[in-house]
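This report concerns only the one structure given below.
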Amino acid sequence: MLLKFTALFLGLLFLALGNNTKYWIHSNNWSNPKNWDFSPNPCDAVILPDLGYDYSVLVSNHAKLHSLEFPSTGEVVFGDRASVSLSSLGPTCPTPIGNTYRTRQYSWGDPNNWYSEASSEVFDTADSDKIPCLTDTVVFNETVVYNVLLDKSVEVGALHIGDEVLSTEDVRSYTAGPGRAQLQFINLAELVVTGRTVCTNPEGCLCGNQLDCSLVQCPRQHCVKPIRSNGICCHYCGAEVRFSPPPGFYLMKFKESLEHFMKKQTRHLDDKISTTVSLQEYDLRLNIQITVSDSITDGSYEGAGYESSKIAQKVHDYIVEYYIGRASDLIIEQSHQPFQPGEKPEADVVTGSYTAGIESWVLYVVLSVSLVLLLVIVFLLYKCSRRYRDNTGPSPQHIRLDHGSLPRTLDSRFKPCVPALDQDIPTYEEVLMEDMLTRGIAPDQPRDSTALRGGVTAGGNQGNAPQQPPQHRTQTNTLRSAGRRGAGYNEVPTIDISDHSRV
């Protein structure tokens, strides 16, 4: 059951990818107004001119005219109820009016000569996809005559002339025999009918037949630098986005998702934007090509194609954001870059690899700088935490007073997050003790100021020692030379120091 369901799903998918029918739209019928200088009337002197080749004209109803001139070669075919009557001059038609039949050979590869039932609310069809492709079904109406110039070999999936289905051998027999077929297919090179009407590649299939743009009339474009894309006959104002389909890419699913995206982007433009999605070949590689064009000028300096360029940039970002294609494979070409009011528009080409390279370079720099800053912050935090632990342990290396303010010169030295202090710099307690010893008020120390001023060391002869001038800080300090927490040293709290009176 699952196998049948899978086969049915794949069949429907391939049917959607490849089952397309193309209809020939031109005819050499007498009733076709495009074949005349003006619509025939009873006063016309109709001329069927010599065009240098044989052609057919089909008269399918009653035609009334003043005169009819036939070509030297060719044929006029009358339908079952067709007739031609000639009228004489009279009050209603005093003077005959010349009216010439106009026709030409219509090329098989001209995209304007075909019509397809496949349509989309958002997307137009690229010119290369308007002509019959390798898996398409081609239909010619049996009730009309036509001149088809087929000077290059073509290949189609199926061929119908009216209700008759023709194979390759049938086509050869049909065009080789006498009669109308020789006049309808001119300079027939080769028309191959393969019978394959399904594209089995989920990425899509190239058309495979050559596009003929020689007779396509292109309108004038109003932009700085119109661009030309593969599979499009005329230059246009807008932009092109293309990329190589990644593995697992499905063209139909991509078209559906892009169609929803484009509806949101173009809903305010009232169908003034033309978008095509097609499979094209660049440098022998398949590419998904999206073209966005417009003729919106509105008298502005930007010119046509400005809105399309902005939308194409959004399409580019959409493809990258949803991982439809790699940024390095994306290429965007624009008739001019979208610019701010007052700036001069310029035509430019921006490749996806170039922009992706810039973005990668910036990203690497930002990540590198962020990593260095993070390492610096971690290192500083580690040093700070270590200092804090050292100062709060049983034998702190540096005094850290939270209940009073230190002198400005010492405050910066005793913060926990600074480098290790020099051992020659006294702690705050030693400074206080030295000041108390100088004043002779420290407990458990001699209060004789003369002993301090004379610089008598412990165990010296005090009575016979001559008087010495007061020693300054340049002499060796006994407190510094002694151990920081040696015997006889009592820690003096700051609250006791503030209670002693100066001596």
Side-chain angles (χ1 to χ4, degrees), residues 22-116 127 130-131 138-151 161-162 175 179-188 211-221 233-235 295:
K22 307 288 177 61
Y23 298 87
W24 182 262
I25 61 176
H26 288 290
S27 72
N28 284 3
N29 287 17
W30 183 284
S31 58
N32 186 358
K34 294 181 180 180
N35 295 333
W36 299 95
D37 291 339
F38 49 87
S39 182
N41 61 73
C43 295
D44 289 347
V46 175
I47 301 174
L48 301 179
D50 288 322
L51 300 177
Y53 57 88
D54 294 344
Y55 62 93
S56 298
V57 179
L58 175 63
V59 181
S60 56
N61 50 21
H62 179 70
K64 187 176 182 180
L65 49 121
H66 173 68
S67 61
L68 176 62
E69 181 179 337
F70 288 95
S72 56
T73 58
E75 67 177 3
V76 177
V77 181
F78 291 91
D80 295 338
R81 299 181 181 181
S83 63
V84 175
S85 61
L86 303 179
S87 61
S88 60
L89 299 178
T92 58
C93 185
T95 304
I97 302 174
N99 193 359
T100 304
Y101 182 84
R102 304 292 182 184
T103 188
R104 61 180 176 86
Q105 296 174 347
Y106 294 95
S107 172
W108 178 287
D110 190 336
N112 295 325
N113 296 336
W114 298 94
Y115 163 76
S116 175
D127 292 334
K130 290 180 180 179
I131 65 174
V138 177
V139 176
F140 287 93
N141 194 340
E142 191 179 21
T143 61
V144 300
V145 294
Y146 34 81
N147 291 334
V148 183
L149 178 60
L150 190 58
D151 55 353
I161 298 181
T175 56
R180 189 190 314 172
Q182 292 182 341
L183 303 179
Q184 291 181 334
F185 293 95
I186 306 170
N187 296 335
L188 180 63
L211 179 65
D212 183 8
C213 298
S214 59
L215 298 177
V216 176
Q217 297 181 355
C218 298
R220 181 182 177 184
Q221 302 298 323
C233 284
C234 298
H235 289 78
S295 57

Can you name the nearest heavy-atom pair linking [X] to [Y], along with the distance?
X    : Y    : answer
Q221 : H235 : NE2-O, 3.3 Å
A82  : S60  : CB-C, 3.8 Å
L86  : L68  : CD2-N, 4.4 Å
G162 : E142 : CA-CB, 3.6 Å
V216 : P111 : CG2-CD, 4.0 Å
C233 : L211 : SG-CD2, 3.8 Å

Are [X] and [Y] side-chain neighbours, meaning at least one heavy-atom pair lies under 4.5 Å?
X    : Y    : value
I186 : Y55  : no
F38  : I97  : yes
W24  : V144 : no
R104 : Y53  : yes
V46  : W30  : yes
Y101 : P71  : no
K130 : S116 : no

List for me each residue that meets side-chain contact (heavy atoms from CB on, under 4.5 Å) alongside [X], sequence neighbours excluded, and say none if there are none.
X    : result
S87  : P42, K64
Q184 : V145, Y146, Y174, R180
N61  : S31

Reported [atom1]-to-[atom2] distance for the pair [X] and [Y], which is rounded to 0.5 angstrom:
X    : Y    : atom1 : atom2 : answer
T100 : I47  : OG1   : CD1   : 4.5 Å
S72  : L51  : OG    : CG    : 9.5 Å
R102 : N32  : CZ    : CG    : 14.5 Å
L150 : F185 : CG    : CZ    : 7.5 Å
K34  : N29  : NZ    : CG    : 12.5 Å
W108 : D151 : CH2   : CG    : 12.0 Å

(request) If the plane angle is over 60° it's perpendicular, under 30° parallel, otherwise tilted; pick one for W114 and F140. (result)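 Ring orientation, 0 to 90° scale: perpendicular.
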(message) For N28 and S56, which I'm curious about, is there any donor-acceptor pair between the side chains at under 3.5 Å?
(response)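 The answer is no; no qualifying pair exists.
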(message) Under a 3.5 Å threshold, yes or no: a donor from one side chain and an acceptor from the other, between N35 and T103?
(response)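 Checked: N35/T103 side chains show no N/O donor-acceptor pair below 3.5 Å.
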(request) Begin from the C-alpha positions of C234 and C218 and carry the test disulfide bond (SG atoms under 2.5 Å apart) through to its verdict. (result) CA-CA 6 Å; C234 298; C218 298; 2.0 Å; yes
(request) Determine the sole option in D212, N112, N113 for which the side-chain hydrogen bond (donor to acceptor under 3.5 Å, both in side chains) test with S107 is passed. (result)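 In the set D212, N112, N113, the residue that makes a side-chain hydrogen bond (donor to acceptor under 3.5 Å, both in side chains) with S107 is D212.
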(message) Please determine whether side chain to side chain contact (heavy atoms under 4.5 Å, CB included) holds for the pair C43 and H66, giving the CA-CA distance in whole Å, both sets of side-chain angles, and the decisive distance to 0.1 Å.
(response) CA-CA 5 Å; C43 295; H66 173 68; 5.6 Å; no
